[in-house]
Amino acid sequence: MNIKTALNWASSELSNIHDTAQLDAEILLSKSLNKNRSYLYTWPEKHLNTTQLKQFQEFIRKRKSGIPIAYLLGQKEFWSLNFIVTADTLIPRPETEHLVEQALELIPKQTSWKVVDLGTGSGAIALAIASERCQCQISACDKSSAALDIALKNAHNNKLNNISFIQSDWFEALVNQQFNIIISNPPYVAAHDPLLTQGDVRFEPVSALQSGTTGLDDIKKIIKQATNFLLNDGWLLLEHGFEQHQAVQELFKHYQYQNITTKNDLSGQARITFAQIASTN
Ligand SMILES: C[S@@+](CC[C@H](N)C(=O)[O-])C[C@H]1O[C@@H](n2cnc3c(N)ncnc32)[C@H](O)[C@@H]1O
């Protein structure tokens, strides 16, 4: 089978299942051939060898069953860094880059602020910040040891060494520590949200997504407990669902945070809320 025929076959196999059938086929064929996508259009008549064809057919079979592209490739780009992703880690989302941007607006350059990323998963947020603020001391925490193993590998592969990895149920293992900034993209999907049974999300760890009947259980815990772990004037930044900003703002108010701000993502959805702890001086 040549490249052109392979692409046509694969995109028609995937067309009833995925909106991105053609793109998915191109990405998976590029991976099977170990070439970039432009190669596919430069050499449409080139034949796949037996190993390449088998690999490609296997990719298409798995993609048809719904497995996300990032898990098939074993990697995902975030903040221009390359991350290993496995079924133990959430696939980092472009929306989360807004959380990183916002954190970077708050963290002055050339400071050695103490920063913690709660629920680090693949390490996406912690590594992105570490790459931009090399003097900061960054802690990356997760309850899942399997996710932390991947985050550690990602830090090593991206040559970032100002991050400590800590297994912790939110703040449990951080006793006596205080931070200038706490960042988290916690689980925030309601238990019965149909989203959990659709698309790529079905293959991601439930523990990374679901948080009680309203989706707010973990956010509540973090907002409450963070009051003991923030230095004076420290910031807590949270990603949340697009319909949760009012509830999140109320929680911040309840715990007497100040300067409570919600920001929209590029599609106009309110997805980030952050606030500053009241100073005790
Ligand atoms: C939505 S994912 C975010 C992953 C990553 N920060 C990102 O943005 O791609 C939530 C993460 O929180 C972790 N998590 C869930 N419950 C936790 C808990 N009680 N303590 C610490 N981490 C937890 C999950 O293992 C998962 O890695």
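Start at 1 and go down the list; that is how both ligands and their atoms are numbered. In this text the structure is predicted, and so the values were computed from the model without any measurement.
- Under a 4.0 angstrom heavy-atom cut-off, Ala126 registers as lying outside contact with ligand 1.
- Using a 4.0 Å heavy-atom cutoff, Cys141 is absent from the residues neighbouring ligand 1.
- Proximity annotation for atom 26 (C) of ligand 1: of Leu90, Asp142, Thr120, Asp142 comes nearest, heavy atoms only.
- Proximity of Asn185 to ligand 1, defined as any heavy-atom pair under 4.0 Å, is shared by backbone and side chain alike.
- For Ser207, the closest heavy-atom approach to ligand 1 falls below 4.0 Å.
- Taking the six-membered ring where the residue is Trp, Phe229 and Phe171 present parallel rings, their angle staying beneath 30° rather than reaching 60°.
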Under 3.5 Å, sequence neighbours excluded: what are the donor-acceptor pairs made by side chains of residues 214-226?
| unit_1 | atom_1 | unit_2 | atom_2 | d |
| --- | --- | --- | --- | --- |
| Thr214 | OG1 | Leu216 | N | 3.2 |
| Asp218 | OD1 | Trp170 | NE1 | 2.8 |
| Asp218 | OD2 | Ser211 | OG | 2.6 |

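- Lys76 forms no cation-pi arrangement with Phe83, by the criterion of a distance under 6.0 Å to the ring centre and an angle within 45° of the ring axis.
- Every heavy atom of Ser122 sits 4.0 Å or more from the atoms of ligand 1.
- Taking the side-chain hydrogen bond (donor to acceptor under 3.5 Å, both in side chains) definition, one finds that Gln22 meets it with Ser11, Glu26, Tyr41, sequence neighbours left out.
- There is a side-chain donor-acceptor pair under 3.5 Å between Gln102 and Lys263.
- Of the heavy atoms in Asp169, both backbone and side-chain atoms come closer than 4.0 Å to ligand 1.
- With respect to Lys64 and Glu13, a salt bridge is recorded, a charged nitrogen being found less than 4.0 Å from a carboxylate O.
- If you look at Ala208 next to ligand 1, the close heavy atoms, those under 4.0 Å, come from the backbone and the side chain alike.
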